[in-house]
Structures are given as structure tokens and as C-alpha cells.
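All heavy atoms count here, side chains included; hydrogens, waters and symmetry mates do not.
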Amino acid sequence: MPQAIKSVEILEGDGGVGTSKVIQFGEGSQYKSVKHRVDAIDKENLTHSYSIIEGDVLGGVIESITYHVKIVPTEDGGSICKNRSIYNTKGDAEISEEKIKEGKEKAMAMFKAIEAYLHANPDA
């Protein structure tokens with residue numbers, strides 16, 4: 001997604017739990033960068049948890065956003081991706097439903113682009 005992500009730099013780790021990286025967004029994005037940390041990976045249960053811990057996407061009122069992703073196999077050989085987001089705010093700050101919806105829509109657009117790429121490039 002070169003239009004969305006300019007670069008990804010691993011700061012620490014090997015991609016497993018504890019890995020931190022900085023993602024620089026492309027010129028068309030309203031955000032510059034985020035710092036991302038891998039919190040948990042469970043290959044057997046097909047789950048992955050990570051947090052955004054720094055960056056302008058947090059807007060000054062959010063301490064972090066934690067994402068829990070679970071892939072659930074379906075009977076027809078496909079899968080369903082379940083995603084839960086937890087917004088950890090600073091103090092008593094509140095986030096509007098509109099902002100949460102906006103974040104979900106952007107995440108879904110990125111997910112759909114990745115999904116399309118993997119369908120077109122199954123050996124990637």
C-alpha cells in the first residue's frame with residue numbers, strides 16, 4: 001500500500017512479541033507516523049494482539065489503542081477475521097462514536113487492500 005504507508009522501520013525485536021516499529025504514512029495521509037508494538041501472537045489459536053503506543057493518530061487524548069485480531073476458520077475452507085479495538089484514553093478524556101467509526105473504516109479499507117493483494121498474489 002505505497003499510497004498509504006511510506007515506510008516501516010523495526011526499532012526493536014524480530015517480529016515476535018515485544019517487537020516495536022515505526023510506520024511512516026504516505027503523503028496523502030492526515031497522519032505522519034505511529035509507533036506500533038506486538039503484544040501477543042498465538043499461532044495455534046490464530047490470534048495476534050498489537051498496540052499503537054505513540055504517534056499523531058492518538059490525537060493527544062488517547063494513551064494507546066490495542067487491537068486483538070482472531071482468524072476463525074470456516075467450514076468451506078475460508079476464514080473470518082474478527083477484530084476488537086480498545087481505546088485507552090488519558091485521564092477522563094472521551095472519544096466520540098464518530099471518531100471510532102472513522103478509525104474502523106480506515107482500518108477496514110487497509111484490511112481490504114491487503115486481502116485483495118493476497119488473493120492476487122497467493123504465494124506472497
Side-chain angles (χ1 to χ4, degrees):
M1 295 188 56
Q3 73 281 10
I5 297 175
K6 183 177 179 181
S7 66
V8 178
E9 176 188 358
I10 294 179
L11 302 174
E12 182 180 352
D14 60 3
V17 174
T19 296
S20 63
K21 56 185 127 180
V22 171
I23 300 168
Q24 300 287 336
F25 294 111
E27 291 183 27
S29 175
Q30 69 187 76
Y31 304 112
K32 293 182 182 179
S33 65
V34 295
K35 186 173 180 184
H36 172 283
R37 179 188 65 224
V38 177
D39 298 321
I41 299 173
D42 184 338
K43 292 180 183 180
E44 186 176 308
N45 291 305
L46 304 174
T47 63
H48 178 241
S49 297
Y50 64 96
S51 297
I52 294 175
I53 54 174
E54 290 179 22
D56 53 349
V57 71
L58 299 177
V61 297
I62 302 171
E63 186 73 37
S64 65
I65 305 170
T66 301
Y67 298 93
H68 299 282
V69 180
K70 180 169 181 61
I71 306 298
V72 180
T74 59
E75 291 180 11
D76 64 359
S79 59
I80 297 171
C81 180
K82 296 183 177 187
N83 184 7
R84 182 172 58 127
S85 306
I86 300 170
Y87 291 76
N88 303 295
T89 59
K90 294 180 180 180
D92 292 335
E94 293 187 20
I95 304 164
S96 70
E97 287 298 321
E98 182 180 312
K99 286 288 185 187
I100 291 172
K101 183 179 176 185
E102 179 183 310
K104 285 181 181 181
E105 288 171 355
K106 288 180 180 181
M108 183 57 75
M110 187 174 292
F111 179 83
K112 291 292 186 184
I114 293 167
E115 180 182 43
Y117 176 82
L118 292 173
H119 278 295
N121 301 278
D123 295 327

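Of all non-hydrogen atoms in Gly16 and Val38, the two that sit nearest each other are O-CB, 3.5 Å. Closest approach of Phe25 to Tyr31, counting heavy atoms only: CB-O, 3.4 Å. Residues Gly15 and Ile41 come closest through the heavy atom pair O-CD1, 3.8 Å.
Summarising the geometry, atom CG belonging to Asn45 is positioned 12.5 Å from atom CD1 belonging to Ile71; distances are rounded to the nearest 0.5 Å. Expressed to the nearest 0.5 Å, how far NZ of Lys104 lies from CG of Asn83 amounts to 9.0 Å. Put simply, CD1 on Ile62 and CD1 on Ile53 are 14.5 Å apart, with the number rounded to the nearest 0.5 Å. From Lys21, atom NZ reaches atom OG of Ser7 across 12.0 Å, with rounding to the nearest 0.5 Å. How far CD of Glu97 is from CD of Glu102: 13.0 Å, rounded to the nearest 0.5 Å. Atom CD of Glu9 sits about 9.5 Å away from atom OG of Ser20, to the nearest 0.5 Å.
In this structure, the side chain of Ser33 does not engage the main chain of Gly55 through any donor-acceptor pair within 3.5 Å. Using modelled atom types, no side-chain atom of Lys6 and backbone atom of Lys32 make a donor-acceptor pair closer than 3.5 Å.
For the pair Ile100 and Ser85, the minimum side-chain heavy-atom distance is 4.5 Å or more. With a 4.5 Å cut-off on side-chain heavy atoms, Lys70 and Thr47 count as touching. Residues Ile86 and His68 have side chains in contact (heavy-atom distance under 4.5 Å, counting atoms from C-beta outward).
By the 6.0 Å contact criterion, CG on Asp92 is open, its count of non-hydrogen atoms from other residues, nucleotides or ligands being 12 or less. Counted within 6.0 Å of CD on Gln30, heavy atoms from surrounding residues, nucleotides or ligands total more than 12; the atom is thus considered enclosed.
Hydrophobic clustering keeps Leu118 apart from Val72 (ILVMFWY residues linked when any side-chain heavy atoms are closer than 4.5 Å, directly or through intermediates). Clustering ILVMFWY residues whenever any of their side-chain heavy atoms sit less than 4.5 angstrom apart, transitively, puts Ile5 in a cluster other than the one holding Ile10. Residues Tyr50 and Val17 do not share a hydrophobic cluster, clusters being chains of Ile/Leu/Val/Met/Phe/Trp/Tyr side chains in contact below 4.5 Å. A continuous path of Ile, Leu, Val, Met, Phe, Trp and Tyr side chains, each step under 4.5 Å between heavy atoms, connects Val8 with Tyr67, placing both in one hydrophobic cluster. Note: the hydrophobic cluster containing Val69 also contains Ile23 (ILVMFWY, side chain heavy atoms under 4.5 Å, direct or indirect links).
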Candidate pair Thr89 and Val61, rule side chain to side chain contact (heavy atoms under 4.5 Å, CB included), full reasoning: CA-CA 6 Å; Thr89 59; Val61 297; 5.8 Å; no
Full working for side chain to side chain contact (heavy atoms under 4.5 Å, CB included) between His119 and Glu115: CA-CA 6 Å; His119 278 295; Glu115 180 182 43; 3.6 Å; yes
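Grouped by direct or indirect side-chain proximity (heavy atoms under 4.5 Å, Ile/Leu/Val/Met/Phe/Trp/Tyr only), Val22 sits with Leu11.
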